[in-house]
Q: 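The structure under discussion is supplied below as structure tokens; questions concerning it will follow.
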Amino acid sequence: MVEHQTPQLPAVLREAITIMQSQEEQPQRNIALTFCTEFLRSPSILTTVTRSELQEQLMEWTKDPNPEIRRLCLQGLGSIIFQPEKGQLLRAQLPGTIAMFCARNAWTVLEALKDAADASYLLAGEGLGSISQDMAVSLRPLIDHERGNVRSAAISLLGTMLGGVKGPDRPRVRQELTRCLLPLLLHLADEEQRVILSCKATLFRCAVFLGWAHLKSLFCSLAWDGSSRLLPGVGKCLEKPSTITVTCCQKE
């Protein structure tokens, strides 16, 4: 909802705040606050409430007796929407983080992928900027890394970063993304289940980003079908003769 700026987002936020302010059971309040903190990544929420109102409300909820509520409130207060300078710092750190993708030590690569994923997640509302293309290029070889945990982390990051690609950066990232599609399709039959799950989630994000048709059918297929039944469904979504991706996949 946040990544694709769902029009219903402000209304859901209002409902979540109402639940938090009510005497609902604790699980419902936890879920409602999770929605609130996630929605802080979207600029559209400011059509519903002001920054000062949100900040005041979160500060009040930090006094809640439930430790999970307090934790989520502190997480929300650390959002870029309240600390805009945080976005500049994250972008400044990304080139160094991406450079570590080439490290020989797999643990170092994994840490860099995690840091980049955290930054991409936090910057989704404001955008990654031109560094998004460099990130997509650097992730491509890691999709085929010999270690399954690295493959899975790289594939997941590819999907996460798409939420932070804005405006003029989209065509450049789209071009790099088409080069990743065939490896993603092949890893639907990966030997490790975590890689397959990462592929499914990222493929759907790619589909939304690239504007594929039949998204509902693709979602159902990714959720329930095995890899052998998935490829025909993906092929149906790729029925756009003008794209490089279709040519590659049809030959396969």
Side-chain angles (χ1 to χ4, degrees), residues 2-4 41 90-124 127-166 169-210 212 218-219 221-223 226-227 230-231 234 237-238 243-245 248-249 252:
V2 172
E3 289 177 7
H4 307 297
R41 297 188 292 132
L90 287 171
R91 287 191 195 88
Q93 293 170 2
L94 274 174
T97 302
I98 292 173
M100 298 305 294
F101 290 178
C102 299
R104 293 185 178 181
N105 185 288
W107 177 254
T108 302
V109 176
L110 276 173
E111 286 297 299
L113 289 170
K114 179 181 180 299
D115 290 344
D118 290 342
S120 299
Y121 173 83
L122 291 170
L123 288 166
L128 287 167
S130 59
I131 194 71
S132 55
Q133 183 184 13
D134 294 335
M135 190 182 296
V137 171
S138 300
L139 285 173
R140 170 61 189 88
L142 294 179
I143 293 175
D144 294 322
H145 196 277
E146 60 182 7
R147 297 201 40 178
N149 53 356
V150 174
R151 293 198 301 276
S152 177
I155 291 167
S156 293
L157 174 54
L158 181 64
T160 300
M161 65 158 281
L162 294 179
V165 181
K166 309 293 183 184
D169 300 311
R170 291 181 68 87
R172 292 189 289 268
V173 171
R174 185 180 294 113
Q175 183 178 3
E176 296 302 330
L177 196 58
T178 57
R179 297 188 175 101
C180 298
L181 287 174
L182 184 56
L184 287 175
L185 292 172
L186 293 175
H187 282 297
L188 285 171
D190 197 275
E191 59 189 17
E192 296 203 24
Q193 187 64 27
R194 58 184 165 182
V195 177
I196 295 173
L197 292 174
S198 296
C199 273
K200 288 184 175 184
T202 294
L203 270 172
F204 188 75
R205 287 183 166 185
C206 290
V208 175
F209 185 84
L210 294 170
W212 290 359
L218 178 62
F219 178 83
S221 186
L222 289 169
S227 58
L230 265 172
L231 292 179
V234 174
C237 295
L238 287 170
T243 62
I244 298 173
T245 311
C248 296
C249 290
E252 292 298 316

Q: To the nearest 0.5 Å, how far apart are CD in E111 and CE in M100?
A: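 Reported value, rounded in 0.5 Å steps: 10.0 Å.
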Q: Does T202 form a side chain to side chain contact (heavy atoms under 4.5 Å, CB included) with L162? I'd like the steps, not just the answer.
A: CA-CA 9 Å; T202 294; L162 294 179; 5.6 Å; no
Q: Got a sec, which residues hit side-chain hydrogen bond (donor to acceptor under 3.5 Å, both in side chains) with R194, two or more places apart in sequence or on another chain?
A: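 Counting only residues at least two positions away or on another chain, R194 forms a side-chain hydrogen bond (donor to acceptor under 3.5 Å, both in side chains) with E192.
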Q: Of the options D190, L197, V195, which is the one that meets Q193 in a side-chain contact (heavy atoms from CB on, under 4.5 Å)?
A: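 Considering D190, L197, V195, a side-chain contact (heavy atoms from CB on, under 4.5 Å) with Q193 is found only for L197.
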Q: Quick one: closest heavy-atom pair of C206 and L181, and the distance?
A: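 Closest pair (atom of C206, atom of L181, distance): CB-CD2, 4.1 Å.
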Q: Kindly give the heavy-atom pair with the smallest separation between T160 and Y121, and that separation in Å.
A: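 Where T160 meets Y121 most closely, the heavy atoms are CG2-N, 4.1 Å.
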Q: If I compare all heavy atoms of V165 with all of R170, which pair ends up nearest, and what's the gap?
A: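 Scanning both residues completely, I find the closest heavy atoms to be O-NH1, 3.5 Å.
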Q: Do D169 and Q133 come within less than 4.5 Å of each other through their side chains, counting heavy atoms only?
A: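 SC-SC contact between D169 and Q133 ruled out.
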Q: Could you list the residues that satisfy side-chain hydrogen bond (donor to acceptor under 3.5 Å, both in side chains) with S156, not counting sequence neighbours?
A: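 If we apply the side-chain hydrogen bond (donor to acceptor under 3.5 Å, both in side chains) test to S156, skipping adjacent residues, the hits are S198.
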Q: Atom CZ in F101, atom OG1 in T108: separation rounded to 0.5 Å?
A: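 F101 atom CZ to T108 atom OG1 measures 12.5 Å (nearest 0.5 Å).
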Q: Indicate every side-chain donor-acceptor pair of residues 136-145 with a distance under 3.5 Å to a residue at least two apart or in another chain.
A:
from : atom 1 : to   : atom 2 : distance (Å)
S138 : OG     : D134 : O      : 2.9
R140 : NE     : R179 : O      : 3.3
R140 : NH1    : D144 : OD2    : 3.1
D144 : OD1    : H187 : NE2    : 2.7
H145 : ND1    : R147 : N      : 3.0

Q: Can you check side chain to side chain contact (heavy atoms under 4.5 Å, CB included) on R91 and I131, steps first, answer last?
A: CA-CA 8 Å; R91 287 191 195 88; I131 194 71; 5.8 Å; no
Q: Please assess L203 against K200 for the test side chain to side chain contact (heavy atoms under 4.5 Å, CB included), listing each intermediate value before the final yes or no.
A: CA-CA 5 Å; L203 270 172; K200 288 184 175 184; 5.9 Å; no
Q: Can you tell me how far apart OG (S132) and NZ (K166) are? Round to the nearest 0.5 Å.
A: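 These two atoms lie 10.5 Å from each other.
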Q: Quick check: closest heavy atoms across A103 and V109, and the distance to 0.1 Å?
A: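 Scanning both residues completely, I find the closest heavy atoms to be O-CG2, 3.3 Å.
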Q: From C199 SG over to I155 CD1, what is the distance, rounded to the nearest 0.5 angstrom?
A: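 So the gap between those two atoms works out to 3.5 Å.
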Q: Roughly how far, to the nearest 0.5 Å, is the CE atom of M135 from the CG atom of L158?
A: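 Spacing of CG (L158) from CE (M135) equals 10.0 Å.
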Q: Could you report the tightest heavy-atom contact between P183 and C180, atom names first, then the distance?
A: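 The pair with the smallest heavy-atom distance is CD-O, 3.1 Å.
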Q: Between A119 and L90, what is the shortest heavy-atom contact and its length?
A: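 Nearest heavy atoms, A119 then L90: CB-CD2, 4.2 Å.
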